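These notes are about the structure you will find just below.
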There are 2 protein chains.
Amino acid sequence: MATAENVTEPMASWDPYTRGCPSRDLLDQIGSKWAVLVLGELGKHGACRFTRLRQRLAGVSEKMLTQTLRTLERDGLVRRTVYPEVPPHVEYDLTPLGQTLRGPLRVLTQWSVEHVGEVLAARQEYDVRAEGTA
Amino acid sequence: MATAENVTEPMASWDPYTRGCPSRDLLDQIGSKWAVLVLGELGKHGACRFTRLRQRLAGVSEKMLTQTLRTLERDGLVRRTVYPEVPPHVEYDLTPLGQTLRGPLRVLTQWSVEHVGEVLAARQEYDVRAEGTA
DNA sequence: AGTGGCTACTTACCGATGGAGAGTGATCAG
DNA sequence: CTGATCACTCTCCATCGGTAAGTAGCCACT
């Protein structure tokens, strides 16, 4: 786990339940809407260009895709490779660190797909009860 | 608009990569900042009152805690129990469906705690490179 | 010569979302 | 009749996300 030497302590007291802890921010980032989908897509199909990624993640705006990729790159989860051609050619793929997130995110994604029916049902039930109360 | 068929449908074609798919919304919800922490906390320590929860999730505003709990309740992940006393007494705990999320979320949380050091290091490196470029 | 197209972004604008903090209602202790 | 408790609820403001248009460099077509 200790790959970094000049950085902060190995782990000691990282706790997402503490205000301002970097692990909370990180948890927020990796759990965010577009980051989950970008990482999932790159994990499944390997390296991908900007426009292709944009098509795969139906509904993402260019602004958000750029922003998400920048953050992921800065966090060392995604690698950005530029081929200096015309027209521009840029490819994105997962770093080894990004690879380690594939499992956790796949599990989460699968959960949402598997249980979305139950959740939808619960919502209807809740809404009906709420109307009765109102 | 509540027909039994569209609710109990097993899964068929639910895909978070599709725009407007309920599974994408759900994935977004369960991965959101406060939902992860609320579910994690209720999963670890069991039933909890509002004020106690607010203390444990250092930094959450009352508004967001209320909102998060409402959403989680509506989605059938959290149960809200009111004891009609004065002063008010409300307890929250996980439903069986909520329990099934404990695993996936614990894995994600652990990942962020374990790898936050590497990410912090990557950020520093990125920022140094960016300054050199600028 | 000029127009448009390709690709990967930026930028400007605006409505939606999230956070800080004060207010609310019911009841009882003092 | 003032203050305390608990779980909200409301208001105000800053930040965020989405939409759409602009940018840069080179090429093909007219």
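These figures come from a predicted structure and were not determined experimentally. Every chain is numbered from 1 and lettered A, B, ... according to where its sequence line falls, protein lines coming before strand lines.
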5′-ward residue of the pair P88(A)/K63(A) relative to DNA chain D: K63(A)
Closest to the R80(B) side chain, choosing from dA20(C), dC8(D), dG25(D): dC8(D)
Candidates dC9(C), dA7(D), dC6(D) - which lies nearest the side chain of V90(B): dA7(D)
Side-chain N,O (T51(B)) to OP1/OP2 (dC6(D)) below 4.0 Å: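 T51(B) to dC6(D) OP1/OP2: no side-chain N or O under 4.0 Å.
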Backbone N/O of G40(A) and side chain of R106(A): donor-acceptor pair under 3.5 Å: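 No; zero donor-acceptor contacts below 3.5 Å.
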Y83(A) side chain to E91(A) backbone, donor-acceptor under 3.5 Å: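 Looks like no, no N/O pair under 3.5 Å.
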Sugar-phosphate, base or nothing in reach of R54(B), heavy atoms under 4.0 Å: nothing
Touch class at under 4.0 angstrom, heavy-atom based, for Q67(A) against every strand present: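 Result for Q67(A) = sugar-phosphate.
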Heavy-atom pair of closest approach, residues G76(B) and T95(B): O-OG1, 2.6 Å
Minimum-distance pair of heavy atoms, taken over all atoms of P104(B) and W111(A):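 Reported closest heavy-atom pair: CG-CD1, 4.3 Å.
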DNA chain C contacts made by residues 15-35 of chain A, counting heavy atoms under 4.0 Å: R19(A)
M64(B) CE to dC10(D) C1', straight-line distance once rounded to whole Å: 15 Å
Separation of atom CZ in R49(B) from atom P in dT5(D), rounded to whole Å: 13 Å
Pairwise side-chain contact, R24(B) with L37(A), heavy-atom cut-off 4.5 Å (strictly under): yes
Single-linkage hydrophobic cluster Y126(A)~Y92(B), side-chain heavy atoms < 4.5 angstrom: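 Per the 4.5 Å side-chain linkage, Y126(A) and Y92(B) are not co-clustered.
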5'-most by nearest nucleotide on DNA chain C - E62(B) or V86(B): E62(B)
